[in-house]
Number of protein chains: 2
Amino acid sequence: MANPLVLFLSRRDDLSDDEIAAINALTSNTQDFEAGTSIIRQGERPQSSLLVTEGLAIRSHYLADGKRMISALHVPGDYVDLHSLLLDQIDHDVVALTACRVALTPHGELRRITERLPHLTRLLWLSTVIDAAMHRAWIVALGRMSPLNHMAHFLCEMYSRLEVVGLTEGYTFKLPITQIDLADMLGLSVVHVNRTLQELRATGSISWLGSTVSIKDWDALRALGQFDPAYLNLQKRPR
Amino acid sequence: MANPLVLFLSRRDDLSDDEIAAINALTSNTQDFEAGTSIIRQGERPQSSLLVTEGLAIRSHYLADGKRMISALHVPGDYVDLHSLLLDQIDHDVVALTACRVALTPHGELRRITERLPHLTRLLWLSTVIDAAMHRAWIVALGRMSPLNHMAHFLCEMYSRLEVVGLTEGYTFKLPITQIDLADMLGLSVVHVNRTLQELRATGSISWLGSTVSIKDWDALRALGQFDPAYLNLQKRPR
DNA sequence: CGCTTAGTTGACGTGGATCAAGTACTGTGG
DNA sequence: CCACAGTACTTGATCCACGTCAACTAAGCG
């Protein structure tokens, strides 16, 4: 299988052979995590950055009263932890939602990339900037969208991101997440997530059986979620 | 007055003389915007990046039904638009909340920095990564905090960020924003913002008169907002 | 076959939105 | 100097979307 980071980046700009070789070298050392285990804990100062190559991972934040919020869901090809190269310490947990395979890149190697390969540096930078753009989209949805619209937006985003790394078949994809996790991503109660999902299914725009999501009416779902994929930067351009 | 970007970055790492000179060159070309005017509009492809040197700017997103959400508030020293170097197009408006002075850096010059000054490149990258960390803090507050706690968190963040660029006096600072704007940052109605502010003032931890905010009990406010400044990366470290 | 976890449903309560009507402040023009 | 218009702030009354609580069903799984 192709390196998912190569898929992620080459969707946004052309990669030279040197750059592809460098990416493969960065992501050669992998490690597996079982579903539910922490990959990084809040407050750590990791010496390596992590790329998800298989499985789903989340960023979890815990409040004093035990409430949890999930600020991001990461799919294969996402350099979940690239920013730890620059940050003091990580302000949240990264948890394997499903069984995950993760590639570890020592920070020293990344720093060397910034010294030798400016274009690849900019592309790695781009990947963190897309992360921020996704955060903003979530902020807007959390602050001003109804649960139904938010859910639709979320599914549109997931479809678009999974499509990039070849994890969709038509409009169908695997999304093995519980309604509990979904609640903590949308800032809702589990009960309300359940009802919202029923409402969304009732519109006929999606089906969600087990862990399989099918978008049956993309245009309707897109309209409902007011989804504009521009923020995912899916165009190939010199960067 | 010192270049606010120098203040912002030198709080996080040491800058060489070369780097300071480069920063000053990057931010020498300024432009003024009146309060309420758009600095960048959604969908544009700017050829320069923007640094706020004076005033406050926001990122605004508009939904189909006219609702507005503000995903970030930017203070002097913030490279609001640095990511436009890498992005296809900007997914939101940037609006001057107060009269703003802004420095414009042509993308070509920034690209040259990535080719010549890897350490400064990493620090600029850092500034976008801190942006993302602030977004995550907002996501958590939007999703799982009560309005009162959220407001407290917001004020703690503003205090901490303004302190970095020398815009506080003791625990007092200027925050010339309306409750309307505040509502769109916290995802609340104006009426509820008003009541929440009254409640917060009643705790005795802050006063807010006109555009002047005073934190009267930092520990109380911090506890209320569960504020941990770690995500702002205020430590000086080699990066 | 019992145990655990996820999903579902109904009843009920409440936090925050909405609506409507004020008041206070600022700037503008006569 | 006052009249006014416009904007922000404030307050009270009402409503409903969503949370909470409590029970049940369904689906693994040892």
Side-chain angles (χ1 to χ4, degrees), chain A residues 34-37 56 58 63 65-70 95-99 141-152 154-155 174-202 206-213 224, chain B residues 34-37 56 58 63 65-70 95-99 141-154 174-202 206-213 224:
Chain A
E34 278 175 40
T37 56
L56 296 177
I58 52 171
L63 298 188
D65 56 3
K67 288 200 201 100
R68 178 180 70 153
M69 183 72 190
I70 297 173
V95 178
L97 205 57
T98 65
L142 281 163
R144 290 287 183 242
M145 283 181 135
S146 72
L148 183 67
N149 298 343
H150 191 171
M151 183 79 76
F154 170 76
L155 290 174
K174 290 277 173 197
L175 203 59
I177 64 182
T178 67
Q179 294 183 2
I180 300 167
D181 297 318
L182 208 42
D184 287 339
M185 285 188 244
L186 305 192
L188 298 171
S189 68
V190 190
V191 172
H192 203 69
V193 162
N194 185 289
R195 291 182 170 135
T196 303
L197 272 177
Q198 289 179 46
E199 198 184 343
L200 186 58
R201 279 191 277 244
I206 67 147
S207 75
W208 190 331
L209 285 169
S211 59
T212 303
V213 176
L224 207 54
Chain B
E34 277 175 41
T37 56
L56 297 177
I58 53 172
L63 297 189
D65 55 4
K67 288 202 202 101
R68 179 181 69 153
M69 183 71 189
I70 296 173
V95 178
L97 206 55
T98 66
L142 280 164
R144 288 291 184 239
M145 285 181 135
S146 71
L148 184 66
N149 299 340
H150 191 171
M151 183 80 75
H153 185 278
F154 170 76
K174 291 276 172 199
L175 203 59
I177 64 181
T178 67
Q179 294 183 3
I180 300 168
D181 298 318
L182 209 41
D184 287 338
M185 286 187 240
L186 304 191
L188 298 171
S189 67
V190 190
V191 172
H192 204 69
V193 162
N194 185 288
R195 291 181 171 134
T196 303
L197 271 177
Q198 291 179 45
E199 197 185 343
L200 186 57
R201 279 191 278 246
I206 66 148
S207 74
W208 190 333
L209 286 167
S211 61
T212 304
V213 176
L224 207 54

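The chains referred to below are lettered A, B, ... by the order of the sequence lines, with proteins before strands, and numbering in each begins at 1.
- The separation between Leu197(B) atom CG and dC9(D) atom P is 9 Å, rounded to whole Å.
- Atom CD1 in Ile180(A) sits roughly 6 Å away from atom P in dG7(C) (whole-Å rounding).
- Dashed line: the shortest gap from a side-chain N or O of Gln198(B) to OP1 or OP2 of dT11(D) is under 4.0 Å.
- The main-chain N or O of Leu56(A) is found under 3.5 Å from a side-chain atom of Thr98(A) such that the two form a donor-acceptor pair.
- Distance alone, capped at 3.5 Å, is enough to place a donor-acceptor pair between the Arg144(A) side chain and the Leu188(B) backbone.
- dT8(C) atom C1' lies 16 Å from atom CH2 of Trp208(A), rounded to whole Å.
- Note that CE of Met69(B) and CG of Leu142(A) are 7.5 Å apart. Values are rounded to the nearest 0.5 Å.
- Contact check, Gln179(B) against dT7(D): no side-chain N or O comes under 4.0 Å of OP1 or OP2.
- Rounded to a whole Å, the CD atom of Glu199(A) is 14 Å from the P atom of dT9(C).
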- Once base and sugar-phosphate atoms are separated, protein heavy atoms under 4.0 Å mark nucleotides 15-30 of chain D, 5' to 3', with B, S and - as ---SSBB---------

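- The side chain to side chain contact (heavy atoms under 4.5 Å, CB included) search around Arg195(A) returns Val191(A), not counting sequence neighbours.
- Atoms CG and OG1, from Asn149(B) and Thr196(B) in turn, are 10.0 Å apart once rounded to the nearest 0.5 Å.
- In this structure, the NE2 atom of His150(B) is 19 Å from the P atom of dG15(C), given to the nearest Å.
- To the nearest 0.5 Å, atom CD1 of residue Ile206(A) and atom CG of residue Leu224(A) are 10.0 Å apart.
- Dashed line: the shortest gap from a side-chain N or O of Arg201(B) to OP1 or OP2 of dC9(D) is not under 4.0 Å.
- An OP1 or OP2 oxygen of dC9(D) is reached within less than 4.0 angstrom by no side-chain nitrogen or oxygen of Asn194(B).
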